[in-house]
Amino acid sequence: MMSHTNISLPESVKIVEVGPRDGLQNEAALPLEVKIELVNRLSRTGLKHIESGAFVSAAKVPQMANSSEVFARISRQPGVNYCTLTPNVRGLESAIASGVNQVAVFTSASEGFCQRNINCSISQSLERFKDVIALASKHAIPVRGYLSCIVDCPYDGATHPSQVMSIAREMLDIGCCEISLGDTVGTGTPLKIAKVIEAVLSQAKPEQIAAHFHDTYGQALANLYQALQMGITSIDSSVAGLGGCPYAYGAVGNVATEDVLYLCQGLGISTGINLNQMINTAWFICQHLNKRPTSKVSLAAEHKLFS
Ligand code: HMG
Ligand code: MG
């Protein structure tokens, strides 16, 4: 950790790009070629972790239905981790056949969201994950765990930090290598985020935790700055700020990757990722989606406000 005035910040962070999954799952379905080109462009920015698809029900999330084809046709860069969502053993089998480097299981700190999203209770989801983790470990595939609704749930209201803490601990105990804490609806503010992270840190090391913040109320960067000061060094973000969750209606995308890179650059935190290439990639995908990036940094770049 380095120290500026009284603030401690990490020297480097790991960025997990979730745009091709969390981003595109909530946008109009794109042609396969465009999805492949997006992953390829992202993999040339210096990113080392790209969530490139999801092996979930095509009826529930049609945008991810061609994930196998995406994995089959991307140009894999050495050293890049191409990851995916696998809610069950069936998803994992497809992921293994697609040659993924890492998978992720996902549950919620609230029962309401868990039921709507993956059609089971929290405890049933953890039972299901044990089978996923057992098979993944036979193939030496690390399993990340997402924990949604860490602040609020669209169905159950506020989530207590102790609930997040105990499920995060259970996910680590069953073999998840990292727990990504999801402010799925994006209602969190730095104080609430600090309380959740503090609770989880009573049961886990900072390097076992990732920050996955949606930006519905424009607080994601502030929340991230809070998390960085608490020693969190794994950040999920989405190019152009794309996305959201089909089961959290009204929630917007993750914090934009370009904005995270600009923040880290300003704080002297190394990411290993080229900001200008990320901005170009944001404009590329937005042209195909017929929209503008939500990223302030990409919008500023349009007017050449920085070099
Ligand atoms: P289920 O209904 O309990 O299970 O689904 P099922 O076994 O009865 O299967 C239902 C249908 O899904 C069947 O098809 C299965 O074949 C099929 P049908 O016979 O009706 O045609 N199916 C599958 N298809 C492809 N791959 C599979 C698979 N498994 C079953 N692996 C299940 C359970 C979890 C599969 C389902 O509810 C589902 O896919 N839900 C969608 C979950 C999802 O993708 N949500 C969005 C991502 S999570 C998120 O965005 C939050 C996150 O970003 C963090 C945050 O922001 O907080 C991660
Ligand atoms: Mg998400």
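Residue numbers start at 1 and run along the sequence shown. Each ligand, and each atom within it, is numbered from 1 in the order the structure gives.
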Tell me the contacting part of H214 for ligand 1: side chain, backbone, both, or neither, using a 4.0 Å heavy-atom threshold, strictly below.
side chain
State plainly whether one hydrophobic cluster holds both I197 and L172, where clusters connect Ile, Leu, Val, Met, Phe, Trp and Tyr through side-chain heavy atoms under 4.5 angstrom apart.
yes
The closest protein heavy-atom partner of atom 33 (C) of ligand 1 is I118 O, 3.8 Å
Q163 side-chain N/O to A109 backbone N/O, donor-acceptor pair under 3.5 Å:
yes
Return the closest protein heavy atom for atom 52 (C) of ligand 1 as residue, atom name and distance.
R21 NH2, 3.8 Å
Among all the protein's heavy atoms, is there at least one whose distance to atom 39 (O) of ligand 1 comes out below 4.0 Å?
yes
Looking only at protein heavy atoms, which one is nearest to atom 25 (C) of ligand 1, and how far off is it?
V56 O, 3.1 Å
D183 versus ligand 1: do any nitrogen or oxygen atoms come within less than 3.5 Å of each other?
no
Among protein heavy atoms, which sits nearest to atom 12 (O) of ligand 1, and what does the distance come to when rounded to 0.1 Å?
S57 CB, 3.3 Å
Looking at D22, which of its N, O or S atoms is the nearest one to the Mg ion (ligand 2)?
OD2
When you measure from atom 30 (C) of ligand 1 to every protein heavy atom, which one gives the shortest distance, and what is it?
N88 ND2, 3.8 Å
Could you name the option among T86, N26, V89, N117 that has the heavy atom nearest to atom 43 (C) of ligand 1?
N117
Counting from 1, what ligand 1 atoms have a heavy atom of G182 closer than 4.0 Å?
57 (O)
Check each of R90, Q124, R128 against atom 22 (N) of ligand 1 and report the one with the nearest heavy atom.
R90
Those atoms of ligand 1 less than 4.0 Å from some heavy atom in S148:
51 (C), 54 (C), 55 (C), 57 (O)
What's the atom name of the N, O or S in H212 nearest to the Mg ion (ligand 2)?
NE2
Nearest protein heavy atom to atom 47 (C) of ligand 1, by residue and atom, and its distance?
Q25 OE1, 3.3 Å
Side-chain heavy atoms of T84 within contact of S98, under 4.5 Å:
no
Heavy-atom protein contact below 4.0 Å for atom 18 (P) of ligand 1
no
Got a protein heavy atom sitting under 4.0 Å from atom 14 (O) of ligand 1?
no
Applying salt bridge (Lys or Arg N to Asp or Glu O under 4.0 Å), run through K296 and D215 and close with a yes or a no.
CA-CA 12 Å; K296 295 273 181 154; D215 200 30; over 6 Å; no
Does atom CD (E198) have a neighbourhood of more than 12 heavy atoms from anything else shown, all under 6.0 Å?
no
Contact atoms of ligand 1, heavy-atom distance to D22 under 4.0 Å:
53 (O)
Do any N or O atoms from the side chain of Y82 and from the backbone of Q77 form a donor-acceptor pair under 3.5 angstrom?
yes
Can you pull out the closest protein heavy atom to atom 4 (O) of ligand 1? Residue, atom name and distance to 0.1 Å, please.
N119 ND2, 4.8 Å
Ignoring hydrogens and geometry beyond distance, is a side-chain donor-acceptor pair present between S238 and D22 at under 3.5 Å?
no
Please confirm whether F55 comes within less than 3.5 Å of ligand 1 when only nitrogen or oxygen atoms on both sides are compared.
yes
Hey, are T216 and H214 close enough side-chain-wise for a donor-acceptor pair under 3.5 Å?
no
Taking atom types as modelled and ignoring hydrogens, do the side chains of S270 and S12 form a donor-acceptor contact shorter than 3.5 angstrom?
no
Test item: S148 side-chain N/O and T184 main-chain N/O as donor-acceptor pair under 3.5 Å
no
Does the N223 side chain pair with the main chain of Q219, one donor and one acceptor, at a distance under 3.5 Å?
yes
With a 4.0 Å heavy-atom cut-off (strictly under), which part of L85 contacts ligand 1: side chain, backbone, both or neither?
side chain
Among protein heavy atoms, which sits nearest to atom 36 (C) of ligand 1, and what does the distance come to when rounded to 0.1 Å?
K60 CD, 3.7 Å
Cationic N near anionic O, under 4.0 Å, E127 to K130:
yes
Does atom 55 (C) of ligand 1 have any protein heavy atom closer than 4.0 Å?
yes
Out of curiosity, does V13 fall in the hydrophobic cluster containing L275 (side-chain heavy atoms, cut-off under 4.5 Å, transitive links)?
yes
Over 12 foreign heavy atoms within 6.0 Å of CG, D173:
yes
Side-chain donor-acceptor contact under 3.5 Å, Q25 with R21:
yes
Within a distance under 4.0 Å of any heavy atom of P87, pick out the atoms of ligand 1 and give their elements.
34 (C)
Atom 7 (O) of ligand 1 touched by protein heavy atom at under 4.0 Å
no
